[in-house]
Amino acid sequence: MNKKPGLLFSISILALIVLAASFDVHIGAQHVVRLREGIDPATVLYVCPIESSIWDNLSNALVNGRKYVYMFFFFFSMILLFSWGWALYQNLLKDKFSKDVYKNPWGLTKIFFWGFIIFLLLVHTPNHYRYVKIDIKGHTTEWVLCENTSEGARAISAKAIKVR
């Protein structure tokens, strides 16, 4: 009998999503950007306008204070290393292993690890890696890379696109 049906369901759904994405399966109709005759598809990239979201705004706010967050994480990591060293030193003094002295360092390690992961997820939103600048006729605008089937997608010469 399966004691964790939610876990099995999650794994099954994840496997279906991976298979659908791997074999380019879509639900519903798609609007595809058509290129003019004579344009080589290998010389264009597709870009979409930036749609500001809560996650992008939060990411930009956190990026501005990144230096202070990194200082906090380095300070916390030094405290964490000292905590592990102190627990090890206590066991060495007693010349006997006691797992009780490792409870606080292990708890701090879990908090530090998950805090760091959450911070990275908040700072590096999907748009963080897709931002590009388009330089056409002296006008520089910011867009995000997207697929040719995305809403509002435009085909732009790859030479005009610069990574932000």
Side-chain angles (χ1 to χ4, degrees), residues 2 4-82 84 106-164:
N2 188 3
K4 300 198 184 250
L7 180 62
L8 183 60
F9 179 73
S10 299
I11 292 171
S12 301
I13 293 298
L14 183 63
L16 285 174
I17 291 170
V18 168
L19 283 173
S22 298
F23 291 102
D24 202 24
V25 175
H26 299 281
I27 299 174
Q30 287 186 316
H31 169 71
V32 177
V33 175
R34 303 271 183 227
L35 296 176
R36 289 189 312 239
E37 196 67 34
I39 295 179
D40 184 14
T43 63
V44 298
L45 291 172
Y46 298 95
V47 295
C48 295
I50 296 174
E51 295 177 12
S52 184
S53 69
I54 293 171
W55 296 112
D56 288 331
N57 294 336
L58 180 64
S59 174
N60 290 335
L62 286 174
V63 166
N64 293 335
R66 181 178 50 202
K67 177 177 144 182
Y68 301 107
V69 173
Y70 286 154
M71 285 173 42
F72 170 76
F73 277 122
F74 282 120
F75 173 75
F76 197 78
S77 64
M78 286 188 282
I79 297 296
L80 186 62
L81 288 173
F82 177 76
W84 277 103
W106 181 242
L108 287 174
T109 302
K110 290 191 283 189
I111 291 171
F112 179 73
F113 175 78
W114 287 113
F116 188 69
I117 295 298
I118 290 170
F119 173 74
L120 286 179
L121 288 175
L122 290 176
V123 169
H124 297 283
T125 61
N127 281 347
H128 176 80
Y129 297 104
R130 301 184 330 159
Y131 278 122
V132 292
K133 288 185 179 182
I134 300 175
D135 189 18
I136 298 176
K137 298 178 187 172
H139 296 285
T140 303
T141 57
E142 288 190 347
W143 295 71
V144 290
L145 291 175
C146 61
E147 297 291 327
N148 64 345
T149 56
S150 300
E151 187 75 28
R154 293 185 184 177
I156 302 291
S157 171
K159 293 179 182 178
I161 295 177
K162 306 288 185 228
V163 177
R164 187 171 86 150

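In this chain, numbering begins with 1 at the start of the sequence shown.
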To check you understand the geometry: which heavy-atom pair defines the closest contact between Ala153 and Cys48, and what is its length? CA-SG, 3.8 Å
Looking only at heavy atoms, which two atoms of Gly152 and Pro49 are closest? And how far apart?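 Taking Gly152 first and Pro49 second, the nearest heavy atoms are O-CD, 3.6 Å.
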For Phe73, does the CZ atom sit with more than 12 other heavy atoms under 6.0 Å from it, leaving out its own atoms? yes
Test of understanding: with side chain to side chain contact (heavy atoms under 4.5 Å, CB included), list the residues that count as partners of [X], not counting sequence neighbours.
{"X": "Ile161", "answer": "Leu45, Val47, Val132, Ile134, Ile156"}
{"X": "Ser157", "answer": "Lys159"}
{"X": "Leu80", "answer": "Trp84, Leu108, Thr109, Phe112"}
{"X": "Phe23", "answer": "Leu19, Val25"}

Measure the spacing between CD1 of Ile13 and CG of Leu8 and express it to the nearest 0.5 Å. 10.5 Å
Quick check for you: to the nearest 0.5 Å, what is the distance between Ser12 atom OG and Leu7 atom CG? 9.0 Å
How would you list, by chain and number, every residue that makes a side chain to side chain donor-acceptor pair (under 3.5 Å) with Ser77, sequence neighbours excluded? none
Non-neighbouring partners of Arg154 that pass side chain to side chain donor-acceptor pair (under 3.5 Å), sequence neighbours left out: none
Under 4.5 Å between any side-chain heavy atoms of Trp106 and Lys110, yes or no?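 Side-chain contact under 4.5 Å: yes.
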Going by atom type alone, with no hydrogens or angles, which donor-acceptor pairs under 3.5 Å involve a side-chain atom of residues 113-123 and a protein atom two or more places apart or on another chain?
none

